[in-house]
Amino acid sequence: MKIRDPKSIIIILAFVAINGFIVAASFLEEEGPLDANKVAKSMAPEFTEIEKLDYFHLKEGVPQMSLAADKMRSQGEEMAEFDFPKGVYNYQAKNKTLRYSADFGLYKKQKELLTLDGKVEVLSDEAQYFADKVKYYFKKDLIVGTGNVKFFGDDLKSKDHVEITSLQMRANPQSQLSTFKGNVKGFMARKKKYEGRLTFASQELQMDGNKSLAELRGDVMMKREGYLITSGKADIFLENYNKSLKYFVLNDDVKVTERLETPEGVTERKAYAERLEGFGREEKMVLSGAPRVEMGKDVIKGYRITIRENTELVEVDDAMSDMQIKRDKKLKE
C-alpha cells in the first residue's frame, strides 16, 4: 500500500518529529539534576580529620580561642568537631579567660558558637558551671546549659558561697548575671561558718552579682536554722546580712514554721502573712499584710507582727489601737 497524498506524509512526519522531541527532552531532564548533584558535591568542602591537635582561632591577629582535643574533624572554614576538647576563651577587653572541657565539641566559626556535649565544665574567674550540654555564644557572652545543671560561685561583695542545681541555665559570666529554671535548689553559706547557711528551692532563680541579689520565683522554700518559710516569691540581699537592712523579703502567701524549745518543752510556732521582711543581724522577721501567729492555743493578729528567731518574743502593732503585746519567755540554754 502506498501513500500518495502529500498531506498525509507531512502529518506523519510531523507526528514522528514531535514524539522524538518529547523523548529527547525527558532524557535531558533526568540527567540535569544528576549533573547538578555532581557539581554540588564537587563544590562542597571536604572533611579533614586530625588526631591529637592544638587548635587556635585568631581574631585581629590575637588568639581568641584555643583548645586541645583527641581528634578534630573540620569542614573547610565553616565548622570543626572535637572529641574530648579542653580549651580557653580569652576576653581581650577585660583580660579574663573562660576555660571549658567536654566529651564532644562543635565550633561554628561564622556564628562564633561553641556547642559542648557530655560532662561539660565551664570555669570563669568567678564561677563554675556544669551541665550535660552547653551552648556558648562568644559575641553575646551567653552560656545556655541544659540537663543536670550545677553552679558554684562566691558573691563578690558578701563573699557568700553559693551552690545551685537546676534543669536549665542562662548565664552571662562577664556581666555577673545568671538565670536558673526548673526544680531549682541550692544554698548560700556565709564566709564565717558560725553564721550558718540559707537553703532554698524554687522554680526559677535570677542571680545578679553586681547587686548581690538573688530573686526566687514560684513555689519558694527557704530554710535557715530552726525555721522553714514558703511563699510565692522571694528576694535575698546577700550583702545586707550584717547590716540593719533587709536580708530577705518574701511575698505572696507567706508561711513560717518554727520549732522552739521552751520551758514547757518543744513547741511549734506558725506565722502567716502576705509579706515578710527578714533582718539577719537582728535575727528578726517582720510580717505584714493580714499577719497571724499561732503558737499552741494562742492566736495573735495585728497590723504588723515581729517575731524573734529562737525566742518566744512576739511584738504586735495594732493599726487601730497602737497596742503592743509582748511575750518574752527566753529559751533554755
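Every heavy atom of this structure was used, including side-chain atoms; hydrogens, water molecules and symmetry mates were not. Keep in mind that this is a model prediction, so the values were computed, not measured.
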Enquirer: In Å, rounded to the nearest 0.5 Å, how long is the span from CZ of R269 to CG of L260?
Expert: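 Separation between the atoms: 4.5 Å.
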
Enquirer: What's the separation between atom CD in E277 and atom NZ in K284, rounded to the nearest 0.5 Å?
Expert: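 Taking CD in E277 and NZ in K284, the distance rounds to 9.5 Å.
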
Enquirer: How far apart are the closest heavy atoms of S124 and R99, and which atoms are they?
Expert: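 Shortest heavy-atom separation between S124 and R99 comes out as O-NH2, 4.1 Å.
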
Enquirer: Can you find a pair of side-chain heavy atoms, one from T115 and one from K133, that are under 4.5 Å apart?
Expert: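 Counting from C-beta outward, T115 and K133 do come under 4.5 Å.
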
Enquirer: Can you find a pair of side-chain heavy atoms, one from L238 and one from M188, that are under 4.5 Å apart?
Expert: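 Yes; the side chains approach each other to less than 4.5 Å.
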
Enquirer: Hydrophobic cluster membership, with links at side-chain heavy-atom distances under 4.5 Å among I/L/V/M/F/W/Y: are V316 and V286 in one?
Expert: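 The answer is no; the residues belong to distinct hydrophobic clusters.
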
Enquirer: To the nearest 0.5 Å, how far apart are CZ in R275 and CG in N251?
Expert: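 If we round to the nearest 0.5 Å, R275:CZ and N251:CG are 5.0 Å apart.
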
Enquirer: Is any side-chain heavy atom of V256 closer than 4.5 Å to one of L228?
Expert: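 With C-beta onward as the side chain, the pair stays apart.
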
Enquirer: Below 4.0 angstrom, N of the basic side chain to O of the carboxylate: do R73 and E81 qualify?
Expert: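 Salt bridge flag = yes for E81 with R73.
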
Enquirer: Is the distance from the ring center of F138 to that of Y136 below 6.0 Å?
Expert: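 They qualify: ring centres under 6.0 Å apart.
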
Enquirer: Without hydrogens or angle criteria, can the side chains of D132 and N148 be said to hold a donor-acceptor pair below 3.5 Å?
Expert: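 There is such a pair between these side chains.
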
Enquirer: Hey, is E315 close enough to R308 for a salt bridge, meaning N to O under 4.0 Å?
Expert: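 Salt bridge: yes.
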
Enquirer: Hey, are the side chains of L156 and Q176 touching, using non-hydrogen atoms and a 4.5 Å cut-off?
Expert: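 Side-chain contact under 4.5 Å: yes.
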
Enquirer: With the 4.5 Å side-chain cut-off for hydrophobic clustering, are L276 and F237 part of the same group?
Expert: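 As far as the 4.5 Å side-chain criterion goes, F237 and L276 are not connected within one cluster.
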
Enquirer: Between N172 (side chain only) and D141 (backbone N and O only), is there a donor and an acceptor less than 3.5 Å apart?
Expert: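 Checking the backbone N and O of D141 against the side chain of N172, a donor-acceptor pair under 3.5 Å is found.
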
Enquirer: Kindly say whether D70 contributes a backbone atom to a donor-acceptor pair with the side chain of D83 at under 3.5 angstrom?
Expert: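 Answer holds: no.
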
Enquirer: Could you check whether E121 pairs with K119 (Lys NZ or Arg NE/NH1/NH2 to Asp/Glu carboxylate O, under 4.0 Å)?
Expert: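 No.
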
Enquirer: With rounding to the nearest 0.5 Å, note down the distance linking NZ in K185 to CG in L205.
Expert: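 Those atoms lie 14.0 Å apart.
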
Enquirer: Grab the two heavy atoms, one from P85 and one from A69, that are nearest each other, plus how far apart they are.
Expert: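 It is CA-CB, 4.2 Å.
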
Enquirer: What's the spacing between K108 NZ and L114 CG if we round to 0.5 Å?
Expert: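 If we round to the nearest 0.5 Å, K108:NZ and L114:CG are 11.5 Å apart.
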
Enquirer: Which pair of non-hydrogen atoms, one from V293 and one from A271, has the smallest distance, and what is that distance?
Expert: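 Distance-wise, the nearest heavy atoms are CG2-CB, 4.1 Å.
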
Enquirer: From E239 CD over to S158 OG, what is the distance, rounded to the nearest 0.5 angstrom?
Expert: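 So the CD of E239 and the OG of S158 are separated by 7.5 Å.
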
Enquirer: How about Y129 and Y100: are their ring centroids closer than 6.0 Å?
Expert: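 Between Y100 and Y129, which both carry aromatic rings, the centre distance is not below 6.0 Å.
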
Enquirer: Mind listing the closest non-hydrogen atom pair of G209 and D155 along with its distance?
Expert: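 That closest heavy-atom pairing would be O-OD1, 4.2 Å.
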
Enquirer: Which heavy atom of D253 sits nearest a heavy atom of E274, and at what distance?
Expert: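 So the two residues come closest at N-OE1, 3.5 Å.
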
Enquirer: Check whether V184 and M221 end up in the same hydrophobic cluster, where Ile, Leu, Val, Met, Phe, Trp and Tyr are linked by side-chain heavy atoms less than 4.5 Å apart.
Expert: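 No, because V184 and M221 fall into different hydrophobic clusters, even though each may have its own neighbours under 4.5 Å.
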
Enquirer: Less than 3.5 Å apart, any donor N or O on the side chain of Q206 or E204 sitting next to an acceptor on the other?
Expert: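 The criterion, which ignores hydrogens and geometry beyond distance, is satisfied for E204 and Q206.
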
Enquirer: Go through the steps for F130 and F152 under the test ring-ring contact (aromatic ring centres under 6.0 Å, His included), then give the verdict.
Expert: CA-CA 9 Å; F130 305 88; F152 303 152; 5.5 Å; yes

Enquirer: Between M169 and T179, does a side-chain contact (heavy atoms from CB on, under 4.5 Å) hold up when you go through it step by step?
Expert: CA-CA 6 Å; M169 166 189 68; T179 300; over 6 Å; no

Enquirer: Decide if atom NZ of K157 counts as having more than 12 heavy atoms of other residues, nucleotides or ligands within a radius under 6.0 Å.
Expert: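 More than 12 heavy atoms, drawn from other residues, nucleotides or ligands, come within 6.0 Å of this atom.
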
Enquirer: For the pair E283 (side chain) and G280 (backbone), establish whether a donor and an acceptor sit closer than 3.5 Å, ignoring hydrogens and angles.
Expert: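 Such a contact is absent between E283 side chain and G280 backbone.
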
Enquirer: Set out, in order, the CA-CA distance, both residues' side-chain angles and the distance that settles side-chain contact (heavy atoms from CB on, under 4.5 Å) for F82 and F104, then state yes or no.
Expert: CA-CA 6 Å; F82 304 93; F104 175 80; over 6 Å; no

Enquirer: Pick out which of I300, V254, I305, I307 makes a side chain to side chain contact (heavy atoms under 4.5 Å, CB included) with P291.
Expert: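 Testing each of I300, V254, I305, I307 against P291, the sole residue satisfying side chain to side chain contact (heavy atoms under 4.5 Å, CB included) is I305.
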
Enquirer: Among pairs that include at least one residue of residues 210-222, which meet salt bridge (charged side-chain N to carboxylate O under 4.0 Å, His left out), considering only residues two or more places apart or in two chains?
Expert: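 Listed once each, the pairs are R217-D235.
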
Enquirer: Going by atom types only, do D252 and S231 share a side-chain donor-acceptor pair under 3.5 Å?
Expert: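 Distance-only check fails for D252 and S231.
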
Enquirer: Taking the side chain from K223 and the backbone from L198, do they hold a donor-acceptor pair closer than 3.5 Å?
Expert: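 No.
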
Enquirer: Is the shortest side-chain N to carboxylate O distance from D160 to R190 below 4.0 Å?
Expert: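 Result for this pair is yes, salt bridge flagged.
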
Enquirer: Which is it for V122 and L98 under the side-chain contact (heavy atoms from CB on, under 4.5 Å) test, yes or no, and what are the steps along the way?
Expert: CA-CA 7 Å; V122 180; L98 189 78; 3.8 Å; yes

Enquirer: Using a 4.5 Å cut-off on heavy atoms from C-beta on, say whether the side chain of M222 contacts that of L250.
Expert: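 A side-chain contact exists here, since the closest heavy-atom pair is under 4.5 Å.
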
Enquirer: Run the side-chain contact (heavy atoms from CB on, under 4.5 Å) test on E126 and D154 for me, step by step, so that the C-alpha distance in whole Å, both residues' side-chain angles and the decisive distance to 0.1 Å come before the verdict.
Expert: CA-CA 7 Å; E126 293 84 16; D154 294 334; over 6 Å; no

Enquirer: Sorted by first residue and then second, give each ring-ring contact (aromatic ring centres under 6.0 Å, His included) pair with at least one member in residues 243-279; sequence neighbours left out.
Expert: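 Qualifying pairs, neighbours excluded: Y241-Y247.
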
Enquirer: List the atom of T97, the atom of D125, and the distance in Å for their closest heavy-atom pair.
Expert: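 Smallest heavy-atom distance, with atoms named: O-OD1, 3.7 Å.
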
Enquirer: Consider side chain to side chain contact (heavy atoms under 4.5 Å, CB included). Of M79, M72, E112, which one does Y107 pass it with?
Expert: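 The residue from M79, M72, E112 that satisfies side chain to side chain contact (heavy atoms under 4.5 Å, CB included) with Y107 turns out to be E112.
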
